[in-house]
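Lettering follows sequence order; numbering is per chain, from 1.
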Protein chains: 2
Amino acid sequence: MTADVSTQTAQKPLRADAQRNYDNLIEAAREAFRERGAEASLDDIAKRAGVGPGTLYRHFPTRDALIDAMMRDWAERIDADSQAVVDSGLPAREALQIWFTRFVDNIGLYHGAAAKVMSAMDDPKSPIYRKCQVLAAANEKVVAKAREDGALRDGVDAREVMRIVSGVSTVIDQSGLTPAQAEPMLAIVLDGILLPD
Amino acid sequence: MTADVSTQTAQKPLRADAQRNYDNLIEAAREAFRERGAEASLDDIAKRAGVGPGTLYRHFPTRDALIDAMMRDWAERIDADSQAVVDSGLPAREALQIWFTRFVDNIGLYHGAAAKVMSAMDDPKSPIYRKCQVLAAANEKVVAKAREDGALRDGVDAREVMRIVSGVSTVIDQSGLTPAQAEPMLAIVLDGILLPD
DNA sequence: GAACTATACGGAGATAGTCTCCGTTTAGCA
DNA sequence: TGCTAAACGGAGACTATCTCCGTATAGTTC
């Protein structure tokens, strides 16, 4: 009766052992990435999951494919967060402020993820590209709302807003700062896109 | 009579062959990083320079040490650029705009450098840390000038400005955009730190 | 210009990570 | 119980990092 969210999505169903290994691999990857960052050894992840490297590479041909799978629920959370903000009816500044903060929090969940997301942003070949599109759509939604409210400066483009907030996320991630320390930078972005007064 | 800028700085002088190899290594590194980005193989750089890997590692114990040496003139250029902007007597917005653009250009000279600079920013152990301090000082100078001109919003901190512009640089570098494409993001930063009107 | 020595060289090889190939195992089915 | 498509796993090829130490030589001294 409980929904098995962490399970591989639809497609042709996997054999029971394959599904088990798939799930174990993702779990092991979560651990490894949390401990060691995005450069964690893939063979080591296989070992943690109790499978051979061959099995890992069959399921996930590249590091990015694994990261992509690991972030399956991530995209859903992003989407939910953006919707919540839009539905909140808060004034533009507060709404955007919350959205940006959530953006940085979410993207900072996995060390090194911010950089991955950024390079995937303009690269349709990357497995993470889809996730970026979800992120872009969510961001677009929130920005559009602010625009409807007449709160945005002329010429502010949602795509650029997304880029710069990703940049802030990367700074946080790479300099080893806490997500809370993004606040002053996000304040600059807010002032930069909102109309004065 | 010509100043040998590219030569190792003072310290105990190197033996002639050592100095030659040192210079060749840096030149080879420039080429390799330009072609292959910051992940270029170090052994390959040694090969290009016509020396063994041992020689490379004796001169530059880590990848960062090599990058640091490669960027020797970089810090000087940064400093010169900031001084030129301060001396130009341009209004704050134009001055900052030029400075930010130069910042992104300079930091984008070597693929992958933006990320390196960012992780070194808060890490005194990194060889690149000093360069970051030069960069920070240069930035501080330009921002301080704008503040004297009464052009800045309250609470704008030079350190945060530097961080966010580094973030923009990283976006450009990692997404494979051209430095010119930083302009919309820099516009946001400008509006975010300057007083309205 | 020969001899000496501190300085520097270079490359073989230890270590470690990525990724593949293919012989072996097993889940699911009849 | 037997069959077969699906999946496993680990040996090993490949590549990159980094070290160790026997060899070579720049610079000096007489």
Side-chain angles (χ1 to χ4, degrees), chain A residues 4 7-29 31-33 35-70 111-112 116 119 125-127, chain B residues 4 7-29 31-33 35-70 111-112 116 119 125-127:
Chain A
D4 47 354
T7 251
Q8 214 220 15
T9 42
Q11 322 258 353
K12 317 300 187 249
L14 290 179
R15 226 170 69 171
D17 54 349
Q19 182 69 59
R20 197 182 329 118
N21 285 334
Y22 182 98
D23 291 343
N24 288 344
L25 278 167
I26 290 190
E27 198 41 52
E31 262 182 51
F33 283 119
E35 289 173 21
R36 315 256 247 250
E39 303 305 306
S41 155
L42 296 182
D43 277 23
D44 176 61
I45 290 176
K47 210 165 288 168
R48 285 179 194 235
V51 305
T55 300
L56 184 151
Y57 284 97
R58 196 170 336 97
H59 283 301
F60 311 104
T62 65
R63 180 180 291 269
D64 277 1
L66 175 56
I67 293 178
D68 174 66
M70 217 178 72
H111 184 58
K116 291 276 177 206
S119 25
K125 284 172 314 219
S126 164
Chain B
D4 48 355
T7 252
Q8 214 218 15
T9 42
Q11 322 257 352
K12 318 296 187 258
L14 288 180
R15 225 171 68 173
D17 54 347
Q19 182 69 57
R20 196 182 330 119
N21 286 332
Y22 181 97
D23 292 343
N24 289 343
L25 278 166
I26 289 190
E27 197 42 51
E31 262 182 50
F33 284 119
E35 289 173 21
R36 316 255 248 249
E39 302 306 306
S41 156
L42 296 183
D43 276 23
D44 176 59
I45 290 176
K47 210 166 289 168
R48 285 180 193 233
V51 304
T55 299
L56 185 151
Y57 284 97
R58 195 168 339 96
H59 283 300
F60 311 105
T62 65
R63 179 182 293 269
D64 277 1
L66 175 55
I67 293 178
D68 174 65
M70 215 178 73
H111 185 59
K116 292 276 178 206
S119 23
K125 284 171 317 218
S126 165

Next item on the list: Please figure out whether B:R20 or B:E39 has its closest DNA chain D nucleotide nearer the 5' end.
Entry: B:E39
Notebook entry, point to check: Rounding to a whole Å, what distance do you find between A:R58:CZ and D:dG9:P?
Noted result: 8 Å
Item checked: A:H59 side-chain N/O to D:dA7 phosphate OP1/OP2 under 4.0 Å -> no
Notebook entry, point to check: Which whole-number value in Å describes the distance from A:L56 CG to D:dA11 P?
Noted result: 17 Å
Checklist line | Atom-to-atom span, CD1 of B:I45 to P of C:dG10 - whole angstrom | finding: 16 Å
Next item on the list: May I ask you to test the B:L66-B:F33 pair for a side-chain heavy-atom distance under 4.5 Å?
Entry: yes
Next item on the list: Can you figure out which of C:dC19, D:dC8, D:dT19 approaches the side chain of B:P53 most closely?
Entry: D:dT19
Check: Between B:R15, B:R20, B:Q19, which is the residue that forms a side-chain hydrogen bond (donor to acceptor under 3.5 Å, both in side chains) with B:D17?
Finding: B:R15
Next item on the list: Starting at atom CG of A:L14, determine the distance to atom P of C:dT26, rounded to an integer number of angstrom.
Entry: 18 Å
Next item on the list: Indicate, with a heavy-atom threshold strictly under 4.0 Å, whether B:R63 touches base, sugar-phosphate, or nothing.
Entry: sugar-phosphate
Next item on the list: Look at A:R48 together with A:D44 and state whether they make a salt bridge at an N to O cut-off of under 4.0 Å.
Entry: yes
Check: Just checking A:D43: base, sugar-phosphate only, or nothing, at a heavy-atom cut-off of under 4.0 Å?
Finding: base
Checklist line | Test item: B:L56 and B:I45 side chains (from C-beta on) under 4.5 Å apart, heavy atoms | finding: yes
Next item on the list: Evaluate the ring planes of A:Y22 and A:F60, with Trp represented by its six-membered ring, and classify them as parallel (under 30°), tilted (30 to 60°) or perpendicular (over 60°).
Entry: tilted
Next item on the list: Report which part of the nucleic acid A:S41 touches: base, sugar-phosphate, or nothing (heavy-atom distance under 4.0 Å, all strands).
Entry: sugar-phosphate
Checklist line | Phosphate contact (D:dA7 OP1 or OP2) by A:N21 side-chain N/O below 4.0 Å | finding: no
Item checked: Between C:dT18 (P) and A:I67 (CD1): distance, integer Å -> 11 Å
Margin query: Return whichever of B:A16 or B:T55 has its heavy-atom-nearest nucleotide of DNA chain D closer to the 5' end.
Written below: B:T55
Next item on the list: In whole angstrom, give the distance that lies between atom CG of A:N24 and atom P of D:dG9.
Entry: 11 Å
Notebook entry, point to check: Below 4.0 angstrom from OP1 or OP2 of C:dT20, is there any side-chain N or O of A:Y57?
Noted result: no
Item checked: Spacing between A:L66 atom CG and C:dG17 atom P, to the nearest angstrom -> 16 Å
Checklist line | Nearest to side-chain heavy atoms of A:D17, which nucleotide of D:dA7, D:dG9, C:dC9 | finding: D:dA7
Item checked: Whole angstrom value for the distance that separates C1' of D:dA7 from CD of A:Q19 -> 13 Å
Next item on the list: Let me know, please, whether B:R15 or B:V51 comes out on the 5' side of the other along DNA chain C by nearest nucleotide.
Entry: B:R15
